[in-house]
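What follows is a short report on a single structure.
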Protein chains: 2
Amino acid sequence: MNSQAAVSVKRIADSTVRRLSAYLRFLEDFEGRGLMTISSEELAKRGGTTSAQVRKDLSFFGSFGKRGLGYSVPELAGRLREILGLGREWKIVIVGAGKIGAALAQYRGFRQRGFSILAAYDNNPEKIGRKLEDIPVRDIDQLERDIEREKPDIAVLTVPAEEAQSVVNRVVSVGVKAILNFAPTQLHAPADVTVKTVNMAMELEGLSFALTNRE
Amino acid sequence: MNSQAAVSVKRIADSTVRRLSAYLRFLEDFEGRGLMTISSEELAKRGGTTSAQVRKDLSFFGSFGKRGLGYSVPELAGRLREILGLGREWKIVIVGAGKIGAALAQYRGFRQRGFSILAAYDNNPEKIGRKLEDIPVRDIDQLERDIEREKPDIAVLTVPAEEAQSVVNRVVSVGVKAILNFAPTQLHAPADVTVKTVNMAMELEGLSFALTNRE
DNA sequence: TTTAACTTGTGAATGAATTCACAAGCCGCT
DNA sequence: AGCGGCTTGTGAATTCATTCACAAGTTAAA
Ligand SMILES: NC(=O)c1ccc[n+]([C@@H]2O[C@H](COP(=O)([O-])OP(=O)(O)OC[C@H]3O[C@@H](n4cnc5c(N)ncnc54)[C@H](O)[C@@H]3O)[C@@H](O)[C@H]2O)c1
Ligand SMILES: NC(=O)c1ccc[n+]([C@@H]2O[C@H](COP(=O)([O-])OP(=O)(O)OC[C@H]3O[C@@H](n4cnc5c(N)ncnc54)[C@H](O)[C@@H]3O)[C@@H](O)[C@H]2O)c1
């Protein structure tokens, strides 16, 4: 019954974390509509899963529901925010102020969820010094110095694939522990650094496979 | 020796397909450097997996290697392209010519892999009629008519979350069977339609969780 | 206070994915 | 032709994830 986020006694699967994220999104929707309680069954229907799955996912972290009633929407939302570490602001830097970097820098969805973008970095003199909406584009040469001073939590990589590993090495060398990579390449980092790669070409290939292999 | 991709006797896991995509990328790299054979071990090292995993993944589709030697790089690359359905051109439409839609429309990585973007659609009169690089932005009102004529294989959704389900319904109604969704919302579609969602906020929350729950 | 209708939380059962481990095959050398 | 070094392909074993199924708790109503 302790309130510090997550007892984390066993390793939590990635798929579980993604579902928790999804549940939180639905809860926020319900919160907005003023509903006070929700059952695992309703949550499951929204998320395309089963009620047993919902309850099992939550049970890794405690027991938040009331038998016969369901879950308190605001309480469960709060618990999920705690578990996911969303009770605080996370600071982000974007490396690569190109097309996709600019789209991310200008995206409001991140700030709304507590992710604050400090700056974007580029090596193109024409881009350095400009702003993307209100995010400054800084010289990549300042990267390490700035990171040591501002201590961002997450680096988002939107540089060409050939440059990506060297940027990983640079940000890791000054203490960044989490990286979101958009370059279509496999990155290597120490075990205490979490790297997630979003590879859109791979997603399209998944669709190509699905379209090709249907009986 | 049939050349139609995949015997597909059992359902292939999503994770397997993603790895096949990754293997293909490494093989193309090796091909470029003129190497002729590669072992499962080398492929595994590059992809951050194990050699047994590589061999098991490939074994679902046939046996392409030579014991004692490894795999022929060009042959295996060809087989993977066949399996993934990359032997042909896939036609894509983008719905939502906003920031992320524009970035995707202008991205060269897709065309290089056989994904050809026909057009982007928007409901904003200021955007309609313009071009994103060489991709035309068309009126969303033409969506169904154009799809029936041009028969795109894949629809990419980059509209606001509230609009996403209605766009799904529209493209599904005229026969689209594969959707790549960037809106942060759960979509519902008939079982014969494959929907993949790329949810960047969810990826960031995964990083937030990892940073928060480390012992 | 009793009952009926619900819903949670969780072990146990099932199902899926990964890893192990080794026989079988290939190559080059002597 | 035989041997040693390597590497595949694959059942069997293991590990991990999901689903089942039900006791236990809650509410509301009579
Ligand atoms: N545009 C897309 O829709 C899209 C989709 C999927 C993946 N990606 C990937 O995202 C990455 C960026 O793509 P993009 O389309 O934005 O390309 P882009 O060329 O528009 O942007 C890349 C930016 O990185 C900068 N850059 C290059 N080397 C750098 C370095 N060493 N340090 C700092 N900045 C550097 C460039 O000046 C440029 O501004 C690529 O790896 C690409 O494969 C892009
Ligand atoms: N920009 C990002 O980096 C980013 C990141 C993650 C997710 N997303 C998601 O991608 C989607 C688009 O984001 P964006 O930043 O490009 O927003 P945006 O506002 O720049 O683009 C949305 C575009 O869709 C058009 N549109 C709206 N309703 C439409 C309809 N019914 N039919 C056709 N077109 C319509 C708008 O005119 C606009 O051009 C959103 O769902 C957003 O949550 C964006």
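Labels below follow one simple rule: chain letters A, B, ... track the order of the sequence lines, proteins then strands, and each chain is numbered from 1.
One interatomic measurement links the two molecules: NZ of A/Lys56 to C1' of C/dT14, which rounds to 13 Å at whole-angstrom precision. With rounding to whole Å, B/Gln53 atom CD is found 17 Å from C/dA16 atom P.
Residues from residues 64-78 of chain A with heavy atoms under 4.0 angstrom of DNA chain C, sorted by number: A/Phe64, A/Gly65, A/Lys66, A/Arg67, A/Gly68, A/Leu69, A/Gly70, A/Tyr71.
Side-chain polar atoms of A/Asn199 and A/Glu203 form no donor-acceptor pair below 3.5 angstrom.
With salt bridges taken as basic N to acidic carboxylate O contacts below 4.0 Å, one links A/Asp153 and A/Arg88. Under the 4.0 Å criterion applied to side-chain N and carboxylate O atoms, A/Arg81 and A/Glu75 are not assigned as salt-bridge partners. The pair A/Arg113-B/Glu205 counts as a salt bridge, with a side-chain nitrogen and a carboxylate oxygen less than 4.0 angstrom apart. A salt bridge between B/Lys196 and B/Asp14 is present, with a side-chain N of the basic residue lying under 4.0 Å from a carboxylate O of the acidic one.
Residue B/Ser51 is classed as having no contact, given no heavy-atom separation below 4.0 Å to the nucleic acid.
Extent of DNA chain D lying under 4.0 Å from chain B heavy atoms, first and last nucleotide in 5' to 3' order, is D/dC6 to D/dA12.
A/Arg33 forms a cation-pi arrangement with A/Phe30, by the criterion of a distance under 6.0 Å to the ring centre and an angle within 45° of the ring axis.
When each of B/Ala52 and A/Thr49 is assigned the nucleotide of DNA chain D with its nearest heavy atom, B/Ala52 is the one assigned upstream, toward the 5' end.
No side-chain heavy atom of A/Phe182 sits under 4.5 Å from any side-chain heavy atom of A/Leu157.
A search for salt bridge (charged side-chain N to carboxylate O under 4.0 Å, His left out) contacts involving B/Arg46 returns B/Asp29, not counting sequence neighbours.
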